[in-house]
Undergrad: 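Here it is, the structure, as structure tokens.
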Amino acid sequence: ELGQFRHYMQKEIFEQPQALGNTLEMIAGGGAVATQHFGARAPEVFEGARRVLVLACGTSYHAGLVARYWFEAVAKMPCTVEIASEYRYRESVPDPDTLVVVISQSGETADTLAALKHARSLGMERTLAICNVPESAIVRESALRFITRAGPEIGVASTKAFTTQLAALALLTLALAKLNGRLSETEENRHLTALRHLPVAVQKVLELEPEIERWAQRFAAKEHALFLGRGSHWPIAMEGALKLKEISYIHAEAYAAGELKHGPLALVDKDMPVIAVAPADDLLEKLKSNLQEVRARGGELYVFADAGSEIPETEGVHILHMPEHYGMLSPVLHVIPLQLLSYHAALVKGTDVDKPRNLAKSVTVE
Ligand code: M6R
């Protein structure tokens, strides 16, 4: 069943172009952005929603954190993203005009399900599940559903589920923007073209595997790593750190790069590799100065840059160029090399990649 692959995780990383194509099937060809992609009742549920609350755990929570940037920038809707296990026990201020978006690969995560029920008990009935399993508890409990079509994910580490969640969230952003009169036809077409091209763009990133494998060789001996990112790529740094912890058992932390000098810079020395997610966006110049701060302390840098980014490769600064800069959807591409890095670091270390110690695929208990 694994075919040419050594592990399910590797197979699932490489299935991402197909999984994204399937998830976005409704806009293939000439399909437009429509509220109905989220269910027949979507027009009435979305109408009048003024803000978004995302509830999820783990990798699914990171997908929500990326989407927050999109909801606010593109749909102009205020958005809060909360860890389900916190939300369910916290005294919060309910607002019935909130669209509650629950994200879960399995649809059975106990805390996420309980958070959804909690939101409903507070009178928030505008609920949407973004889920990979149609017949799951979270889907049954939600007013609306969007089923990602990643196919079964066997590896404990979530990979194709994450990128398909991002695709679903991008589509949701556009649907809400359109409903709010915030999306011109030109903008819609520009976004649709980018979404349709996503499987091809991801395929090109996957071709960087041999280079990432070489980085992983050096990496695997390290005990700690620091991930940096800014804007919508900060959650991508968080996801990269989670993957490295989860399957490579390397202690990793992610920081918004601007926070570096507020504490974590003290940790940086030659034994602390720093991985920077550095797309060619408006924040690149700021990030570059953060990287210099790291270099000045002897930290070794591994930079995931975009094509054409002028970050010089010097002693202790390793640059991997992504094939192209991908605008709003750039986080979908930038997570792929981080998945591959942790996979290959895990291979070097000989850990049980598909079943990391102490973890379960679906966390159905609190
Ligand atoms: O099935 P869910 O998406 O609700 O699962 C949430 C988390 O348990 C999950 O994403 C976990 O963090 C992954 N193992 C990370 O790779």
Side-chain angles (χ1 to χ4, degrees), residues 7-13 15-16 19 23 54-67 81-88 100-119 127-142 145-169 227 235-250 252-254 335-336 338-343 345-346 351-366:
H7 296 95
Y8 281 105
M9 181 181 179
Q10 189 189 27
K11 177 169 179 270
E12 288 159 5
I13 289 173
E15 278 171 353
Q16 288 178 109
T23 298
V54 180
L55 302 170
C57 302
T59 289
S60 298
Y61 166 68
H62 294 157
L65 289 177
V66 171
V81 186
E82 205 161 326
I83 293 170
S85 57
E86 285 297 312
Y87 178 77
R88 65 181 289 195
V100 180
V101 179
V102 186
I103 310 173
S104 174
Q105 186 284 130
S106 61
E108 303 292 345
T109 300
D111 280 322
T112 309
L113 178 61
L116 169 61
K117 289 184 174 164
H118 180 65
T127 53
L128 162 66
I130 294 179
C131 194
N132 196 38
V133 181
E135 303 307 325
S136 58
I138 286 173
V139 169
R140 281 196 301 273
E141 193 72 26
S142 303
R145 67 183 62 189
F146 184 99
I147 305 300
T148 50
R149 288 176 53 200
E153 194 180 60
I154 311 288
V156 165
S158 183
T159 54
K160 60 179 181 171
F162 179 67
T163 44
T164 53
Q165 286 166 352
L166 290 178
L169 289 160
F227 284 70
I236 295 303
M238 295 166 85
E239 175 59 9
L242 176 61
K243 285 281 140 341
L244 202 67
K245 283 182 271 209
E246 188 178 23
I247 62 156
S248 322
Y249 311 157
I250 295 173
E253 281 194 73
V335 75
I336 306 233
L338 302 184
Q339 296 170 343
L340 287 168
L341 185 67
S342 59
Y343 173 69
T351 62
D352 190 347
V353 173
D354 285 332
K355 287 197 177 62
R357 65 188 180 199
N358 312 338
L359 298 177
K361 178 68 186 161
S362 186
V363 185
T364 52
V365 290
E366 234 187 287

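Position 1 is the first residue of the sequence; numbering continues from there. In this text the structure is predicted, and so the values were computed from the model without any measurement. Every number for a ligand or one of its atoms is a count from 1 in the order of the listing.
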Undergrad: List, ordered by chain and residue number, the protein residues whose closest non-hydrogen atom lies under 4.0 Å from any atom of ligand 1.
TA: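 Residue list for ligand 1: C57, G58, T59, S60, S104, Q105, S106, T109, V156, A157, S158, K243, E246.
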Undergrad: Can you give me every donor-acceptor pair (side chain of residues 107-115, partner residue at least two apart or in another chain, under 3.5 Å) with its distance?
TA:
residue : atom : partner : partner atom : Å
E108    : OE2  : A137    : N            : 3.2
T109    : OG1  : S106    : OG           : 3.4
D111    : OD1  : R88     : NH1          : 2.6

Undergrad: Is atom NZ of K355 surrounded by more than 12 heavy atoms (other residues, nucleotides or ligands) closer than 6.0 Å?
TA: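 It does not: K355 NZ has 12 such atoms or fewer within range.
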Undergrad: I'd like to check the ring-ring contact (aromatic ring centres under 6.0 Å, His included) partners of Y61; sequence neighbours left out, ordered by chain and number.
TA: none
Undergrad: For this output row, return yes or no: ring centroids of F162 and H62 closer than 6.0 angstrom.
TA: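 F162 vs H62: aromatic centres not under 6.0 Å.
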Undergrad: Test of understanding: with ring-ring contact (aromatic ring centres under 6.0 Å, His included), list the residues that count as partners of F227, not counting sequence neighbours.
TA: none
Undergrad: If you measure only the distance, is there a donor-acceptor pair under 3.5 Å linking the side chains of Q16 and T163?
TA: yes
